[in-house]
Engineer: 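Quick one: the structure is below, and I'll ask about it shortly.
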2 protein chains.
Amino acid sequence: MHMTAPEPTHHDCSAIAHHLAWIGDRWTLPTLVSLLGGAMRFNQLRRAVGGISQQMLTRTLRSLERDGMVTRTVHPTVPPQVEYALTALGRSLADQGIALGRWVQAHRAEIDGNRDAFDSGSSR
Amino acid sequence: MHMTAPEPTHHDCSAIAHHLAWIGDRWTLPTLVSLLGGAMRFNQLRRAVGGISQQMLTRTLRSLERDGMVTRTVHPTVPPQVEYALTALGRSLADQGIALGRWVQAHRAEIDGNRDAFDSGSSR
DNA sequence: CGGAATCCTAAGTGATACTG
DNA sequence: CAGTATCACTTAGGATTCCG
């Protein structure tokens with residue numbers, strides 16, 4: 001019996017698209033990926049991520065901690081020191097982020113070219 | 001000759017993290033992934049993506065068209081018909097999106113578990 | 001039907017001040 | 001240092017209305 005499904009490659013796209021909402025936020029992936037470099041302290045991480053406000057980093061880290069993606073370790077020193085590190089789960093997701101980031105990196109020139117062509121085409 | 005680089009696995013995380021900003025938006029990936037099912041018309045795509053407003057779908061599609069990720073074909077019928085389809089570049093990125101979406105799908109239960117544990121732990 | 005225009009709310013940022 | 005809190009401002013996004 002022959003299947004009606006024409007392409008076995010795209011599975012259920014809508015379901016997948018729906019799951020993407022989960023990480024479809026501006027800072028989750030950049031934060032996780034930045035932590036791949038090793039455990040980091042708050043402001044250190046803030047610089048690594050780049051462009052994130054202190055408030056958003058706090059929120060993002062709380063959320064990631066809640067989901068078991070990062071651990072938060074407080075060293076009772078003066079001044080206090082807080083270290084954030086990836087869990088196995090977080091590292092696993094960060095790896096996906098790397099793959100995605102590298103895709104962008106590899107195709108940025110092409111995309112920029114398309115963009116320029118589009119812009120100059122629509123203005124003329 | 002041996003390299004000084006200790007870990008070849010995480011490359012330059014900050015640079016990668018920075019590139020992620022490019023697609024770090026709520027709708028780009030879900031829209032691309034939804035289009036993996038084949039060319040679709042506007043409202044059809046709107047339903048497939050799910051939860052997106054008309055305005056945001058319009059904006060997202062314009063942006064994707066500009067970047068050469070999707071093509072926009074207008075059929076001069078009454079009422080007008082507009083079809084959106086992935087380019088090779090768009091399909092390539094959508095595949096990355098699928099990988100990410102499937103990761104979430106595969107780990108959702110674990111994440112939900114972590115979340116519940118965290119919540120019940122912090123309230124007690 | 002596809003989408004532009006308008007209005008309006010919520011989310012996010014920068015800056016600053018304050019606490020442990 | 002690592003936050004929390006607040007305010008003014010800008011941006012993202014939803015809802016609604018209207019048009020070809």
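Chain identifiers are assigned alphabetically (A, B, ...) following the order of the sequence lines, protein sequences preceding nucleic acid strands; residue numbering begins at 1 within each chain.
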Engineer: If each of B/Gly51 and A/Asn43 is mapped to the nucleotide of DNA chain D with the nearest heavy atom, which maps nearer the 5' terminus, i.e. the 5' end?
Structural biologist: A/Asn43
Engineer: Looking at residues at least two apart in the chain, or sitting in another chain, which of them share a side-chain contact (heavy atoms from CB on, under 4.5 Å) with B/Ser63?
Structural biologist: B/Asp67
Engineer: What residues form a side-chain contact (heavy atoms from CB on, under 4.5 Å) with A/Asp116, not counting sequence neighbours?
Structural biologist: none
Engineer: Taking all atoms of both residues into account, what is the closest heavy-atom pair of A/Ala17 and B/Val33, and its distance?
Structural biologist: N-CG1, 4.0 Å
Engineer: Report, one pair per line, the protein and nucleotides 18-20 of chain D atoms (nitrogen or oxygen only) whose separation is under 3.5 Å.
Structural biologist:
none

Engineer: Atom CD of A/Gln81 to atom P of D/dG3: distance rounded to whole Å?
Structural biologist: 12 Å
Engineer: Quick test of your reading: applying side chain to side chain donor-acceptor pair (under 3.5 Å), list the pairs with at least one residue in residues 21-41 of chain B, sequence neighbours left out, ordered by first then second residue.
Structural biologist: B/Asp25-B/Thr28
Engineer: May I ask you to evaluate whether B/Arg72 reaches the phosphate of C/dG2, defined as a side-chain N or O under 4.0 Å from OP1 or OP2?
Structural biologist: no
Engineer: End-to-end bend of the helix from C/dC1-D/dG20 to C/dG20-D/dC1 (five-pair axes, 10° rounding)?
Structural biologist: 40°
Engineer: Taking side-chain contact (heavy atoms from CB on, under 4.5 Å) as the definition, give me every residue that meets it alongside A/Ala85, ordered by chain and number, with sequence neighbours left out.
Structural biologist: A/Ala39, A/Thr71
Engineer: Where the side chain of B/Arg62 is defined as all heavy atoms beyond and including C-beta, which of D/dG3, D/dC1, C/dG3 is the nearest nucleotide?
Structural biologist: C/dG3
Engineer: Find the distance B/Arg41:CZ to C/dG3:P and express it as a whole number of Å.
Structural biologist: 11 Å
Engineer: Can you pull out every salt bridge (charged side-chain N to carboxylate O under 4.0 Å, His left out) where at least one residue sits in residues 76-98 of chain B? Sequence neighbours excluded, please.
Structural biologist: none
Engineer: Quick one: closest heavy-atom pair of B/Val104 and A/His19, and the distance?
Structural biologist: CG1-O, 3.7 Å
Engineer: Considering only side-chain heavy atoms of A/Phe42, which listed nucleotide, D/dA5, C/dG2, D/dA2, is closest?
Structural biologist: D/dA2
Engineer: With a cut-off of less than 4.0 Å, is there a side-chain N or O of B/Arg26 near OP1 or OP2 of D/dG13?
Structural biologist: no
Engineer: Can you pull every protein N or O that's under 3.5 Å from an N or O on nucleotides 7-12 of chain C?
Structural biologist:
{"unit_1": "C/dG12", "atom_1": "OP2", "unit_2": "A/Arg59", "atom_2": "NH1", "d": "3.1"}

Engineer: Do B/Gln54 and C/dA4 have a side chain to base donor-acceptor pair shorter than 3.5 Å?
Structural biologist: yes
Engineer: Using salt bridge (charged side-chain N to carboxylate O under 4.0 Å, His left out) as the criterion, list what pairs up with B/Arg46, not counting sequence neighbours.
Structural biologist: none
Engineer: Output every pair passing ring pair (Phe, Tyr, Trp, His ring centres under 6.0 Å) with a member in residues 54-104 of chain A, not counting sequence neighbours, ordered by first then second residue.
Structural biologist: A/Trp103-A/His107
Engineer: At under 4.0 Å, does any side-chain N or O of B/Tyr84 touch on OP1 or OP2 of C/dG3?
Structural biologist: yes
Engineer: When the distance from CG of B/Leu45 to C1' of C/dG2 is rounded to whole Å, what number comes out?
Structural biologist: 12 Å
Engineer: With sequence neighbours excluded, what pairs up with A/Val74 under the side-chain contact (heavy atoms from CB on, under 4.5 Å) test?
Structural biologist: A/Arg72, A/Val82
Engineer: Taking side chain to side chain donor-acceptor pair (under 3.5 Å) as the cut-off, I'd like each qualifying pair that reaches into residues 47-56 of chain A, sequence neighbours left out, listed once.
Structural biologist: A/Gln55-A/Arg59
Engineer: Which sits closer to the 5' end of DNA chain C, A/Ile52 or B/Val82, going by the nucleotide each is nearest to?
Structural biologist: B/Val82
